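Remember, predicted model here, so these are calculated numbers, not experimental data. In the text below, chain A, chain B and the rest are named by the order of the sequence lines, each starting its count at 1. All heavy atoms count here, side chains included; hydrogens, waters and symmetry mates do not.
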Amino acid sequence: MSLWQLLYEPDRWADEINKLITNWGLQLGIPVFITQLFLMIVVAVILLSFILLNVAFLTWLERKVAGHIQVRHGPMRTGPHGILQPVADGIKLLFKESITLPFVDNFIYTLSPAMMFTAAMLTYIVLPFAPGWVVAPLDYGLIFVFAAGGVSSFFVFTAGWSSNNKYSLLAGMRTIAQVISYEIPMILAALGVALFAGSLNLVEIVEAQKGLWNIVVQPLGFLLFLTAALGETHRAPFDLLEAEQELVAGYMTEYSGMRFALFYLGEYTHMFAAAALMTTLYLGGWQGPYLPPVVWFLLKAYALVLLIMWFRWTYPRIRIDHLMNFSWKFILPLALINLGVTALVLVW
Amino acid sequence: MITTQEFHVNLGPQHPSTHGVLKLNLVLDGEYIVDCEPVLGQLHRGMEKMAEGMHYGQFIPLTDRLDYLASAANNLAYVLAVEKLMGVEAPERAKYIRVIITELQRIASHLVAIGTWGLDLGAWTVMLYTFRDREMVLDLFEMYCGARLTLNCFRVGGTTYDFPPGFIEKLKEFLDVFPRRVDDYEALLTRNPIWLSRTKDVGVISAEDAVAYGLTGPNLRASGVNWDIRRVYPYEIYDRVEFDVPLGSRGDAFDRYMVRIQEMRQSCRIIKQALEQLPPGEVMLDLPTISLPDKRQFPNNFPAVVRHFHLLVQGYAPQEKEIYLGVENPKGELGFYIVSDGSAYPYRLKIRAPSFINLQILPKVLKGALLADVVCILASLDPVLGEVDR
């Protein structure tokens, strides 16, 4: 069987490899848990490389999209159409000095970027890329995603606080305010989907959308979730915490070198996770005709990523009090109504 | 016991959105501004004093460095002031050329104002669009006099150059394209709810305050005061062209934005009419006391060489008197007050810089505003620090 055909039956493929390796281990006298551990490491490496390559690609894509929207070319020198730009950036940032200023709270200051990236990556554990292609099909997957996202934002705040810089502190304060006000409507919007599927498990949510995607059933929920996700992932027009015109570089002001890069990686990881989550919840996840499931999943997620990038390069930044008003007085009531109506429809 | 305390932030002088080396000492209560003190003078070059050591013609290139985004307009203000002092008037064609160039300069200046303002509020794309179109204006300037930013193209008694061949065609091309580009900015900003929420009712300046603080230019007109020197005391050819003076009603940042957008359209109108009326003829007075001789006479005509030498080394001396002349610059009323003691050097030269005076209202407007609005209000006043500090 060719690889392409395998992609059409990802669950069978995953199962067969699992069985094959376990049996081979048993023949050699290796206990099952050791072969399982080995498999876990392999899967982790594959997932990590996907995340990192994807983030590298996203940084390039963002610059290209920005360039073409702003009547210029974007990166053109490194490789064809600048495709190797992330590599050049990575090398540059690796070799930069990571300056630690004397007045920072060193432990938290060093920990924050790494933890923020890690927390952002945690989301990918429960994302179903294709049938059977999910690291942990947790029963409470949806809650887990929000928890991981919230933790990631928490480390943005600690970074701002530990930097001992006024601009960073202001950005940290904004982060907390923003995340609290956008996490709640986001969860409420997602609960509508969970009610429909009757499960918090992301795999089951995708399977429940067979034939009819949730975006058709819950268009309002989708719009609310999209808006709240922009706020959650600090993307424009809600990118208040790195508003360079007010706060220099926000919470990243005192960071340099690879620590700075980790924040960057974390942000893009978070953004793609948000797009992937929207795909899972509203766009039917991996489902679609003709193409293999994983291709469908990535296509939908990238369409959303492009939409998010388009917002960033077209809209000005919203002001902090408008942001709060928008969330508490507009999005939250709508999300509650959406949830209530969904519940009523399901009961009848 | 938890207490809260006020918070001091220095915005600038090295800050991405202070539009130059302006430092604001802010006192913050959370995100709200309690107090603001602008610290000026970091770009002070002592221009007014330098003027006292130069004869009148030598000061023209220095006026380029006042409001460096509108150098031709500064040249015009100074040259007109000296012409008033000398009691001379430029030829007709020179007047038209000066108006066309300064109106182009007004467009370029407003483009920078709106572009950087958009950038300050996070709308990057607007900035790249406006700079693309400013590039067309700068190309026209390059074609006209070789310089793009500091033009130094007007002289007492006329202009240095006539329009080169092909210039008028390129200018007409620009005038065809530009109104559509303004529509583009309006599509990106004027009808954008986020832009409206960021600028409406932000930094409101009442008409009384605007007059009391001596605001001029678009900032004054946005508060609803109908005061445009081009209309009130017409100079050059402004009494011969038709144009509207756009006015705001509430005096908030959005009105200041709309006034600038409409002024760009009006500038296009003025240039079109000026091009239609453009008369033939000389662009420089041939007056032995102030104008350089035609250089084509040079090798053979000894008196011309002597005249050239005299004018460049000794300059020309006006009568003993004091004059003031203000013109409508993109930023407001730029005025030159010149005291002459009868020598070739001004006894005193005072520059009434519009940006400097417009900036004085900043602490009053900022009180109670949000930190995010500081950059918006500052950008809406559109100061150029070269002019503030002189």
### Summary
Ranked by heavy-atom pairs below 4.5 Å to chain A, first place among Asn192(B), Val126(B), Leu28(B), Leu189(B) goes to Asn192(B)

### Message
Working to the nearest 0.5 angstrom, can you tell me the gap between Leu188(B) CG and Tyr315(A) OH?
### Response
10.0 Å

### Message
How about CH2 on Trp60(A), more than 12 heavy atoms from neighbouring residues, nucleotides or ligands closer than 6.0 Å, or not?
### Response
yes

### Message
With side-chain contact (heavy atoms from CB on, under 4.5 Å) as the criterion, how do Arg198(B) and Ile318(A) come out once you've worked through the C-alpha distance, each side chain's angles and the decisive distance to 0.1 Å?
### Response
CA-CA 7 Å; Arg198(B) 285 301 306 266; Ile318(A) 200 165; 5.7 Å; no

### Thr125(B) side chain to Gln70(A) backbone, donor-acceptor under 3.5 Å
no

### Query
Within the distance-only criterion (no hydrogens, no angle test), does the side chain of Arg132(B) pair as donor or acceptor with the backbone N or O of Val71(A) below 3.5 angstrom?
no

### Exceeds 12 heavy-atom contacts within 6.0 angstrom, atom CZ of Phe103(A)
yes

Pairs of donor and acceptor atoms involving the side chains of residues 222-229 of chain A, under 3.5 Å and at least two apart or interchain, shall be tabulated with distances.
residue, atom, partner, partner atom, Å
Thr227(A), OG1, Leu223(A), O, 2.6

### Query
Roughly how far, to the nearest 0.5 Å, is CH2 of Trp124(B) from CZ of Arg317(A)?
9.5 Å

### Query
Atom CG in Leu128(B), atom CD1 in Ile69(A): separation rounded to 0.5 Å?
11.5 Å

### Summary of side chain to side chain donor-acceptor pair (under 3.5 Å) pairs that have at least one residue in residues 323-336 of chain A, sequence neighbours excluded
none

### Query
Under 6.0 Å from the NE2 atom of His68(A), do we count more than 12 heavy atoms belonging to anything else shown?
yes

### Query
So with a 6.0 Å cut-off around OH of Tyr302(A), is the heavy-atom count from everything else above 12?
yes

